[in-house]
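Structure record follows, encoded as structure tokens.
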Amino acid sequence: MKNHEIATLFGRIADVLELKGDDSFRINSYRKASRVIADLTEDIEKLASEEKLTDIPGIGKGTAEKIVEYIKTGKMSKYEEVMKGVSEETITLMQIPGLGPKTVAMLNRELGIVGLSDLENALHEGKLKGLFGIGDKKIENIIKGIELFKTSQQRISIGMAYPVVKRIIAGLRNNPEVKDIQAAGSLRRMKETVGDIDILASGTNGASIVESFVSMNGVTQVLASADTKGSVRVEEGVQVDLRVVKEDEFGAALQYFTGSKEHNIHLREIAKKKGLKISEYGIFKGEKKIGGSMEEDVYKALGMNCIPPELRENRGEIEAAQLGKLPNLIELSDIKGDLHNHSNWSDGTPTFEEMAEHAIKMGYKYLVVSDHSKSLHVANGLKDDELLEEIEEIDKLNKKFKGFTLLKATEMDIKADGSLDFLDNILEKLDVVVASIHSGFKQEKEKITERMIAAICNPYVNIIAHPTGRLISKREGYEVDIDKVIEVCAETGTALEINCYYDRLDLNDIYCRKAREAGVMIAISTDAHHIDQMWMIELGIGIARRGWLEAKDVINTFSVDKLKAFCMKKRK
DNA sequence: GCCGTTTTCGGCCCGACTGTTTTCAGTCG
Ligand SMILES: Nc1nc2c(ncn2[C@H]2C[C@H](O)[C@@H](COP(=O)(O)OP(=O)(O)OP(=O)(O)O)O2)c(=O)[nH]1
Ligand SMILES: [Mg+2]
Ligand SMILES: [Mg+2]
Ligand SMILES: [Zn+2]
């Protein structure tokens, strides 16, 4: 798919136009186009051939033409044109905190600064002094910004940020000045990666709260500290921003600070058309404040139900809310079991007993034991006789439980040649069959898709695990025609997994939404190899909610009998 | 550059902080 390339090009055009001082609204349009294309689940070439490009909100005549040109010729003349005489390095300079397009352009014009090393040299030689609009403090700021830029890390998985934010909030609650406190930003929206951690607190003594914040354990660097806000870096490397507001502003501030930016802008536009004004301080009619202590005030004022944070990406949730058609999103308490877990029979650490004990503690009614299969030597995959033995063990153990069942399963390898690791005479003895790809990542898209489809068409295969194979911190997924996979899953009654492991989160939110729209059932599974990974089901719930899933779309909201029936149905 | 049941032209979210700013531009969230 060329989606990613085209989105990148529009983003670049926006950057360069900004540098050149072009109209900010036009720049915004390119940014918006870039974003909607990146979010698209359809292949943009397909949409172009059907002349449906301008149906996409944010894509008009101009951008549509540029897309078509790129698809036809592999080039976008607007891009080539604006990039003339501009270096990529110069664009990167704008990422330095405190350095915006105006300053970078000026430095380039006046001192011929192209990249970071030029800038550092110029600073060293004191060349910035005396330039228009640059004083000592500005220079100081740029030096700090460069340091911050050099040491800042990439976006991290929400799974890494999650424990950090829990720890910080628990710590700050010890300060009695804190009335209300909650995570906001991308973390509250459960976005798969977060750029920073945003926390909102309320109370009258902001200084005390910020003081607790910057002096808490784990802080390695204090980036800012004032009466109503603080910003630190913690030992995990991530930046944490705290804002403190008055109690009666908490709702409006939480709405603002949760974002997303695009969601906020869209809401504010609607408010404006209704003669209202929304800001982080409240909802206003003229001078009069008409709400803002509760978050839902903001949505109520616009005639909407409160939109769940996970949906707030400006991907149609505002329109749905206006029509009263928000989905009834799945919740953690709907989950009755975990559908992908490893024991010490393959590469996991827990015994069956330990797994069951923990599952029961989590309120589950069942747990799927899905150890690896024989081809996966590195993971100590089970051979036929070992799997048969495992089945016997589990059957024995199950007699001890009341209202809880360990389900017999395998995570069967889909081998590089497309064949499966067990024959039907083994598979028929299992309750659930999970299948997944662990090899041949570099194969052609057609080949990988073919392997996947073959597995999906096997009447014993119920769930395809980590369907794209991506690892958030390490690699893109393998090339697979996800549209085709979704289509065949829908036809065959095969479920797709949201793998909850923090570095996978695969399916992601947008594929998940797409699968649901196609009528594919979803399994939310942790793929836990240790007991202490089972909490990650919370991450998967976040992804599911971002994918607009309701409880009825998810097979592990089913009772054990209904789940078994779901699996058996395919065999008939 | 995009968009429209009050508009096909004239808008496009709103506010805080900083600096060398004398009335505001640039940057950020
Ligand atoms: N109204 C409005 N709100 C904004 C704007 N920029 C940021 N916000 C709000 C919404 C964001 O979710 C929130 C926190 O800002 P962040 O830069 O931390 O963004 P966010 O957490 O969404 O993403 P991140 O993962 O940190 O990159 O502030 C803006 O330009 N206008
Ligand atoms: Mg953030
Ligand atoms: Mg932030
Ligand atoms: Zn697994």
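Computed from a predicted model, the values in this text were never measured in an experiment. Proteins get letters first, then strands, A, B, ... in listed order; numbering begins at 1 in each.
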- prompt: Taking the same atom, P, in B/dC13 and in B/dC3, what whole-Å distance lies between them?
  reply: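 After rounding to an integer number of Å, I get 14 Å for this pair.
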- request: Would you tell me whether A/Gln239 and A/Asp241 have side-chain atoms, one donor and one acceptor, within less than 3.5 Å of each other?
  value: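 The criterion, which ignores hydrogens and geometry beyond distance, is satisfied for A/Asp241 and A/Gln239.
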query: What nucleic acid atoms does A/Gly133 come within less than 4.0 Å of, heavy atoms only: base, sugar-phosphate, or nothing?
result: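 Counting heavy atoms under 4.0 Å across all strands, the contact made by A/Gly133 is with sugar-phosphate only.
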message: Considering every strand and a 4.0 Å limit on heavy-atom distances, what is the contact class for A/Thr103: base, sugar-phosphate, or nothing?
response: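 A/Thr103: backbone/sugar contact only, no base atoms under 4.0 Å.
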Interatomic distance where [atom1] belongs to [X] and [atom2] belongs to [N] [whole Å]:
{"X": "A/Glu262", "N": "B/dC2", "atom1": "CD", "atom2": "P", "answer": "17 Å"}
{"X": "A/Gln239", "N": "B/dG29", "atom1": "CD", "atom2": "C1'", "answer": "11 Å"}
{"X": "A/Lys129", "N": "B/dT20", "atom1": "NZ", "atom2": "P", "answer": "11 Å"}
{"X": "A/Leu53", "N": "B/dC2", "atom1": "CG", "atom2": "P", "answer": "11 Å"}
{"X": "A/Lys229", "N": "B/dG15", "atom1": "NZ", "atom2": "C1'", "answer": "10 Å"}

query: Got a salt bridge between A/Lys246 and A/Glu249, using NZ or NE/NH1/NH2 to carboxylate O under 4.0 Å?
result: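 Yes, charged N to carboxylate O under 4.0 Å.
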query: In terms of side-chain geometry, is the basic nitrogen of A/Glu88 or A/Arg12 positioned less than 4.0 Å from the acidic oxygen of its partner?
result: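 Yes, charged N to carboxylate O under 4.0 Å.
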message: Tell me if the NZ atom of A/Lys179 is crowded by more than 12 foreign heavy atoms within 6.0 Å.
response: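 Atom NZ in A/Lys179 is crowded, with more than 12 foreign heavy atoms closer than 6.0 Å.
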Please determine if a side-chain N or O atom of [X] lies less than 4.0 Å away from the OP1 or OP2 oxygen of [N].
{"X": "A/Lys273", "N": "B/dT6", "value": "no"}
{"X": "A/Lys261", "N": "B/dC28", "value": "no"}
{"X": "A/Tyr281", "N": "B/dA16", "value": "yes"}
{"X": "A/Thr63", "N": "B/dC2", "value": "yes"}
{"X": "A/Arg26", "N": "B/dG1", "value": "yes"}

- request: Using both distances under 3.5 Å as the test, list the Watson-Crick or G-U wobble partner of B/dT8, or none.
  value: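 Base-paired to nothing in any strand shown.
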task: Determine, stepwise, if the pair A/Asp15 / A/Arg31 fulfils salt bridge (charged side-chain N to carboxylate O under 4.0 Å, His left out).
output: CA-CA 9 Å; A/Asp15 290 339; A/Arg31 287 257 148 76; 2.5 Å; yes
